[in-house]
Amino acid sequence: HVHLVESGGGLVQAGGSLRLSCAASGRTFSSFASGWFRQAPGKERGIVAAISWSGGTTYYADSVKDRFTISRNNANNTIYLQMNTLKPEDTAVYYCAASRLRVVTTLNADFSSWGQGTQVTVSS
């Protein structure tokens with residue numbers, strides 16, 4: 001089991017930037033893929049971005065492509081989500097998750113550990 005703790009959320013104006021971090025402890029986090037998900041009020045939790053165990057492969061949802069960047073530092077068991085040009089529709093609780101696979105996956109069922117989430121609010 002992996003314990004995940006997100007940080008970096010907050011309130012930002014449209015067009016601004018935030019950087020989310022997710023610190024992991026437990027099993028060998030660096031050996032498995034990871035991802036960021038988000039859930040807005042009244043909506044299902046969905047994938048935002050994912051990264052393979054090595055960081056060599058990434059995936060982005062169409063809605064965040066070219067604005068968000070996922071990265072990882074396996075030396076300190078941390079993944080990041082750099083969010084630029086934020087829009088009001090990016091407002092959600094953001095969760096990091098650890099996959100049970102080494103390759104990139106977008107299926108919620110492939111992620112076995114979840115953080116508690118961090119709120120991101122983008123004002124117009």
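In this chain, residues are counted from 1 in sequence order. Treat the numbers as computed from the prediction; the structure is a model and nothing was measured.
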Can you give me the closest heavy-atom contact between [X] and [Y], atom names plus distance?
X	Y	result
G115	E6	CA-OE2, 3.2 Å
A50	V104	CB-CG1, 3.9 Å
A14	S124	CB-CA, 4.4 Å
G56	S52	N-OG, 3.3 Å

Sequence neighbours excluded, which residues qualify as side chain to side chain contact (heavy atoms under 4.5 Å, CB included) partners of T105?
->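 By the side chain to side chain contact (heavy atoms under 4.5 Å, CB included) rule, T105 matches S99, L101, L107, D110, F111.
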More than 12 foreign heavy atoms under 6.0 Å from CG of N76: is that the case here?
->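 It does: N76 CG has more than 12 such atoms within range.
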Would one find more than 12 heavy atoms of other residues, nucleotides or ligands at under 6.0 Å from atom NZ of K43?
->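 Atom NZ in K43 is not packed in, count stays at 12 or less.
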Of L81, L86, N84, the residue whose pairing with L18 passes side chain to side chain contact (heavy atoms under 4.5 Å, CB included) = L86
Checking side chain to side chain contact (heavy atoms under 4.5 Å, CB included) against T91, which of V12, V122, L11 comes through?
->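 The single option meeting the side chain to side chain contact (heavy atoms under 4.5 Å, CB included) with T91 is V122.
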Kindly say whether [Y] contributes a backbone atom to a donor-acceptor pair with the side chain of [X] at under 3.5 angstrom?
X	Y	answer
T78	A23	no
S30	N74	no
S113	A98	no

Just how far is it from atom CZ of R45 to atom CZ of R38, taken to the nearest 0.5 Å?
->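 Here the rounded value is 13.5 Å.
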Atom CZ in R19, atom OG1 in T69: separation rounded to 0.5 Å?
-> 10.5 Å
How would you list all residue pairs meeting ring pair (Phe, Tyr, Trp, His ring centres under 6.0 Å) that involve residues 39-77, not counting sequence neighbours?
->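 Listed once each, the pairs would be none.
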Tell me whether [Y] is reachable from [X] by hopping between hydrophobic residues (I, L, V, M, F, W, Y) whose side-chain heavy atoms are closer than 4.5 Å.
X	Y	value
F37	I70	no
I47	I79	no
W114	W36	no
M83	Y95	no
V64	L20	yes

Residue pairs involving residues 67-84 (criterion salt bridge (charged side-chain N to carboxylate O under 4.0 Å, His left out); sequence neighbours excluded) = R67-D90
Determine whether R102 and S31 make a side-chain contact, defined as any pair of heavy atoms from C-beta on separated by less than 4.5 Å.
-> yes
